[in-house]
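Single-structure report; data block below.
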2 protein chains.
Amino acid sequence: MDTKPLLDYLRRYVDLDQEEEALFLSKVRLRKYLKGQYVVQQGDVCLYENFVLSGCLKSFHMDPEGHEHIVMFAIEDWWTGDLGSFLSQTPASLNVQCMENCELAQLMHSDLQELYLRVPKLERFFRIIIQKAYVASQQRVVQNLSMPARDRYLFFRKQYPRIDQRVPQYMIASYLGITPEFLSKIRSQLIYEQ
Amino acid sequence: MDTKPLLDYLRRYVDLDQEEEALFLSKVRLRKYLKGQYVVQQGDVCLYENFVLSGCLKSFHMDPEGHEHIVMFAIEDWWTGDLGSFLSQTPASLNVQCMENCELAQLMHSDLQELYLRVPKLERFFRIIIQKAYVASQQRVVQNLSMPARDRYLFFRKQYPRIDQRVPQYMIASYLGITPEFLSKIRSQLIYEQ
DNA sequence: GTAGCATCTTAATCTAGGTTAATCTCCTTT
DNA sequence: AAAGGAGATTAACCTAGATTAAGATGCTAC
């Protein structure tokens with residue numbers, strides 16, 4: 001298990017010296033999960049921010065009727081977890097589950113607070129990352145309001161060309177906010193049109 | 001026009017010394033807008049992050065068919081703008097328009113970059129703010145996927161008890177992603193139920 | 001006070017997408 | 001190779017919410 005992807009990612013946004021980088025790495029916990037395992041469970045406190053070294057995960061909310069609603073997928077070089085729960089250390093409203101065997105780099109809340117104080121550049125690093133995540137989330141809100149399911153699916157395929165090979169269609173349907181049957185109908189219409 | 005609300009807000013999250021606070025304020029531009037004026041227009045670059053000192057604004061996307069989709073409202077003590085456009089200084093996909101006469105405190109992109117370097121605590125300040133905004137946006141995605149319009153409306157009323165006195169119903173409908181007619185039907189059902 | 005515009009409501013009809021359930025296609029596992 | 005089981009498809013029918021269009025209400029301005 002190798003932290004290189006995380007360091008490469010970090011270096012894209014901030015310039016840490018040797019000592020700062022070492023301090024950062026000293027707080028990172030590496031952990032393997034098997035396919036199917038939960039990294040966060042709805043109702044538990046989300047203990048870590050998770051950087052994906054390898055594998056693929058989904059985060060989803062389970063509603064009172066027992067239906068899954070997928071909020072996002074995460075693959076290599078993505079962060080995942082329930083940020084709301086992590087920040088306030090209160091029970092999570094999301095589950096994060098591995099869809100493949102996964103290798104994660106994890107940061108505990110208290111360690112991250114300490115890191116912010118000792119390596120202020122990390123404030124910048126996480127500010128930039130969250131800004132990007134926020135913009136993407138806003139964009140998704142707009143799309144869900146303004147585009148029909150068919151267009152959202154086309155956009156999804158463009159935005160995540162690799163993910164749609166790795167996850168089953170019924171999960172893509174859940175991400176899009178439609179049923180698997182309706183996604184199937186959309187797909188057959190798209191094929192017919194060509 | 002008074003910057004006190006902004007300073008109070010700032011002090012809730014970070015502890016700046018006199019000099020830092022003065023530097024911050026020196027970069028803040030105060031500006032009044034009249035009801036109906038645009039702070040950002042779709043297609044233009046978003047030049048400022050805007051803190052609302054007084055007034056009420058909406059940010060919305062206009063789709064190719066000419067339909068408005070309201071992304072958020074902003075009142076006193078909220079930030080608004082098109083963050084995606086602001087960060088990358090590329091054309092905005094959102095409009096921000098005043099629904100009342102407004103007083104805004106504005107930060108230019110280049111000034112903010114300079115502030116980050118000279119007052120690193122501001123990295124923390126904006127990190128925390130954006131984190132909260134991101135969590136709220138994620139929550140909205142989940143709600144739009146999992147809740148019917150009626151429940152989204154009830155939630156909206158709880159979350160923004162003051163806003164719904166200040167904006168017309170057809171805008172609330174747009175925010176919820178439904179037509180004004182359907183919102184009207186929901187409201188009459190709710191009244192009937194009591 | 002009344003003309004004019006913006007907003008809200010009601011009701012009839014229509015449609016995107018949901019539900020149910022049966023069939024089909026692959027993978028696994030033995 | 002047979003038997004499950006997970007996932008995908010198809011089709012018949014159903015519903016939340018959209019569309020259209022007609023009034024109703026309420027401002028604001030002259």
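Here is the naming used below: chain letters follow the sequence lines, and residue numbers restart at 1 for every chain.
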Tell me which nucleotide among [options] gets nearest to the side chain of [X].
{"X": "B:R152", "options": "C:dA16, D:dT10, D:dG17", "value": "D:dG17"}
{"X": "A:Y170", "options": "C:dG18, C:dC8, D:dG7", "value": "D:dG7"}
{"X": "B:P148", "options": "C:dG17, C:dT19, D:dG17", "value": "D:dG17"}
{"X": "A:E181", "options": "D:dA8, D:dG17, D:dA11", "value": "D:dA11"}
{"X": "B:P168", "options": "C:dT9, D:dA18, C:dT7", "value": "C:dT7"}

Rounded off to whole Å, could you give me the [atom1]-to-[atom2] distance for the [X] and [N] pair?
{"X": "B:L183", "N": "D:dA18", "atom1": "CG", "atom2": "P", "value": "10 Å"}
{"X": "A:Q189", "N": "D:dA11", "atom1": "CD", "atom2": "C1'", "value": "14 Å"}
{"X": "B:I186", "N": "C:dT10", "atom1": "CD1", "atom2": "P", "value": "13 Å"}
{"X": "A:Q169", "N": "C:dT25", "atom1": "CD", "atom2": "C1'", "value": "13 Å"}
{"X": "B:I191", "N": "C:dT9", "atom1": "CD1", "atom2": "P", "value": "7 Å"}
{"X": "B:M147", "N": "D:dG17", "atom1": "CE", "atom2": "C1'", "value": "16 Å"}
{"X": "B:K185", "N": "D:dA18", "atom1": "NZ", "atom2": "P", "value": "10 Å"}
{"X": "A:L190", "N": "D:dT9", "atom1": "CG", "atom2": "C1'", "value": "15 Å"}

Is the shortest side-chain N to carboxylate O distance from A:K4 to A:D8 below 4.0 Å? yes
I'd like to know if A:D111 and A:R118 make a salt bridge, using a cut-off of under 4.0 Å between side-chain N and carboxylate O. no
Please confirm whether A:K58 makes a cation-pi placement over A:F60, using NZ or CZ under 6.0 Å from the six-membered ring centre and within 45° of the ring normal. yes
Would you please classify the geometry between the B:H69 ring and the B:H67 ring as parallel, tilted or perpendicular, with 30° and 60° separating the classes? perpendicular
With no hydrogens and no angle check, is any side-chain donor or acceptor of B:N50 less than 3.5 Å from a backbone partner on B:Q106? no
Within the structure, does a side-chain N or O atom of A:R187 lie under 4.0 Å from either OP1 or OP2 of D:dA8? no
Ignoring backbone atoms, test whether B:T179 places a side-chain nitrogen or oxygen under 4.0 Å from the OP1 or OP2 oxygen of D:dG17. no
